[in-house]
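Report on the structure given below.
Scope of the values below: all heavy atoms of this structure, side chains included, with no hydrogens, waters or symmetry mates. Just so it is clear, the structure is predicted and the values come from calculations on it, not from any experiment. Lettering of chains follows the sequences in order, A, B, ..., and the numbering in each one begins at 1.
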Number of protein chains: 2
Amino acid sequence: METLGIGALAKRAGVRIDTVRYYERSGLLAPKTRLQSGYRRYSGAELTRLRFIRRAQTLGFSLKEIRELLALSKSRDVARVKRAAQAKLADVEQRIAALQRMRDGLATLVEACPGHGEPTDCPILRALGGEGADLLDLPPAAARRPGQN
Amino acid sequence: METLGIGALAKRAGVRIDTVRYYERSGLLAPKTRLQSGYRRYSGAELTRLRFIRRAQTLGFSLKEIRELLALSKSRDVARVKRAAQAKLADVEQRIAALQRMRDGLATLVEACPGHGEPTDCPILRALGGEGADLLDLPPAAARRPGQN
DNA sequence: CTTGACCTTGGACCACGCTCCAGGATGTAA
DNA sequence: TTACATCCTGGAGCGTGGTCCAAGGTCAAG
């Protein structure tokens with residue numbers, strides 16, 4: 001069976017070599033085997049997994065979440081897997097909702113801005129500068145993403 | 001005119017004091033004046049600005065982008081401001097679309113999983129583990145968020 | 001004047017997600 | 001065998017967005 005070196009794997013996934021090793025350190029992606037020399041060898045499954053990691057990232061999942069997601073595939077407990085997937089689904093739906101609020105706020109602003117003329121006619125500028133930031137007024141902010149550390 | 005100390009300002013904006021100082025260091029928010037003692041004093045305009053910064057963050061703007069946005073408001077260039085907002089809007093919409101694809105994929109998986117029985121009957125397990133990750137297969141990934149450094 | 005809350009600065013530290021480097025070993029093709 | 005690409009490990013460094021701490025100064029009330 002054909003295997004890939006770390007460089008070939010990285011190239012095929014559009015990722016840097018260091019990133020692959022970083023993912024390994026992070027418990028996300030292990031080589032299928034190692035040569036006696038220590039060289040990592042990957043199979044198609046690892047490539048698939050790596051691509052999955054990248055896709056999930058573009059969808060806003062943190063590496064930690066992705067690790068959890070991938071861990072599911074190891075647990076052979078179908079019920080747990082299903083519950084986890086459902087939880088993830090709910091999470092994704094919440095994110096979509098949050099992004100949609102974002103989008104609505106921005107769309108309102110963009111629509112209301114003539115794109116020319118007096119700065120005082122631009123709601124974006126008014127929201128930025130003035131007292132009447134009504135247009136940008138969004139719900140408090142509670143749900144910040146980058147954990148409040 | 002009534003002014004606020006840094007503590008009062010932070011409280012009113014729902015932010016930590018350190019965060020206010022951090023924003024100042026980052027060139028986002030300067031106090032209106034300082035007392036002889038060095039104490040920062042803020043006016044309503046700064047509170048508005050601070051709230052704007054937070055709102056913008058919830059809209060997915062980075063502090064760097066917010067700094068640019070705030071700089072634009074000084075430039076009074078309506079067209080540029082609008083373009084920046086439009087770009088962000090497009091970005092947010094792309095993210096929503098990507099998340100919706102993920103949601104659909106997850107929903108399909110969850111629906112198709114019996115929640116019990118053989119692991120081989122669970123499509124989630126099959127999608128995550130195997131070669132045929134078809135259900136989770138999403139478009140390439142191009143639009144990475146955290147700049148490729 | 002004392003107390004306690006509030007403020008100052010400078011700098012360390014954190015998590016995240018990489019990215020790069022040094023020094024050395026290995027693989028492969030000519 | 002030589003040459004060159006590729007790989008190894010361990011650890012440092014980076015940008016982002018904070019958060020915390022020490023050592024000390026200030027403000028307002030009683």
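With rounding to whole Å, A:Ile17 atom CD1 is found 14 Å from C:dC21 atom P. D:dG18 atom C1' lies 14 Å from atom CG of B:Leu50, rounded to whole Å. For B:Arg21 and D:dT19, the CZ to P distance is 13 Å, given to the nearest whole Å. Across the protein-nucleic acid pair, B:Leu63 atom CG and C:dC16 atom P stand 19 Å apart, rounded to whole Å. The CG atom of A:Leu29 sits 15 Å away from the P atom of C:dG17 (whole-angstrom rounding). A:Glu24 has its CD atom 17 Å from the P atom of C:dG17, to the nearest Å. Between the CG atom of B:Leu4 and the P atom of C:dC6 there is a distance of 14 Å, given to the nearest Å.
Residues B:Ile6 and B:Tyr42 share a closest heavy-atom pair of CA-CE1, 3.7 Å. The two residues B:Arg51 and B:Arg12 come nearest to each other via the heavy atoms NH2-O, 3.0 Å. Closest heavy-atom contact between A:Leu99 and B:Val92: O-CG1, 3.6 Å. Between B:Ala85 and A:Val110, the shortest heavy-atom contact is CB-CG2, 3.6 Å.
Looking at B:Glu93 and A:Arg103, a side-chain N of the basic residue comes within less than 4.0 Å of a carboxylate O on the acidic one, giving a salt bridge. Here B:Glu24 pairs with B:Arg34 in a salt bridge; the nearest charged N to carboxylate O distance falls below 4.0 Å.
No hydrogens or angles were tested; on distance alone, a donor-acceptor pair under 3.5 Å links the side chain of B:Tyr22 to the base of D:dG17.
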Self-check item: Candidate pair A:Thr3 and A:Thr33, rule side chain to side chain contact (heavy atoms under 4.5 Å, CB included), full reasoning
Solution: CA-CA 9 Å; A:Thr3 62; A:Thr33 58; 5.6 Å; no
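For C:dG17, neither phosphate oxygen OP1 nor OP2 lies less than 4.0 angstrom from any side-chain nitrogen or oxygen of A:Arg54. Side-chain nitrogen and oxygen atoms of B:Thr19 include none within less than 4.0 Å of the OP1 or OP2 phosphate oxygen of D:dG17. Proximity of A:Arg40 to the phosphate of D:dC7: no side-chain N or O atom is located under 4.0 Å from OP1 or OP2. For B:Arg16, no side-chain nitrogen or oxygen approaches OP1 or OP2 of D:dG18 to under 4.0 Å.
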Quiz item: For every nucleotide of nucleotides 23-30 of chain D, 5' to 3': is a protein heavy atom under 4.0 Å from its base (B), only from its sugar-phosphate (S), or from neither (-)?
Solution: --BBS---
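Taking the side chain of B:Lys64 as heavy atoms from C-beta on, and the options D:dT19, C:dT8, D:dT16, the nearest nucleotide is D:dT16. Side-chain atoms of B:Arg34 lie closest to C:dT9 of the nucleotides C:dT9, D:dG18, D:dT9. Counting only heavy atoms from C-beta on, A:Gln57 has its side chain closest to C:dG17 among C:dG17, D:dT9, D:dG17.
At a threshold of 4.0 angstrom between heavy atoms, the contacts of B:Ser62 are confined to the sugar-phosphate backbone, with no base atom among them.
Annotation: of the two residues near DNA chain C, B:Ala8 and B:Asp18, the 5′-most nearest-nucleotide partner is B:Ala8. Annotation: of the two residues near DNA chain D, A:Gly38 and A:Arg25, the 5′-most nearest-nucleotide partner is A:Gly38. In this structure, A:Arg41 and A:Tyr23 both approach DNA chain C, and ranking their closest nucleotides by distance from the 5' end singles out A:Tyr23.
The cluster map of Ile, Leu, Val, Met, Phe, Trp and Tyr, joined by side-chain heavy atoms under 4.5 Å apart, puts A:Tyr39 and A:Leu4 in different clusters.
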Shorter than 3.5 Å, N or O on both sides, protein versus nucleotides 2-4 of chain D: list them out with atom names.
none

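In this structure, A:Arg95 is positioned above the aromatic face of A:Phe61, its NZ or CZ under 6.0 Å from the six-membered ring centre and within 45° of the axis.
You'll find the side chain of A:Arg21 reaches within 4.5 Å of the side chain of A:Arg40, heavy atoms only.
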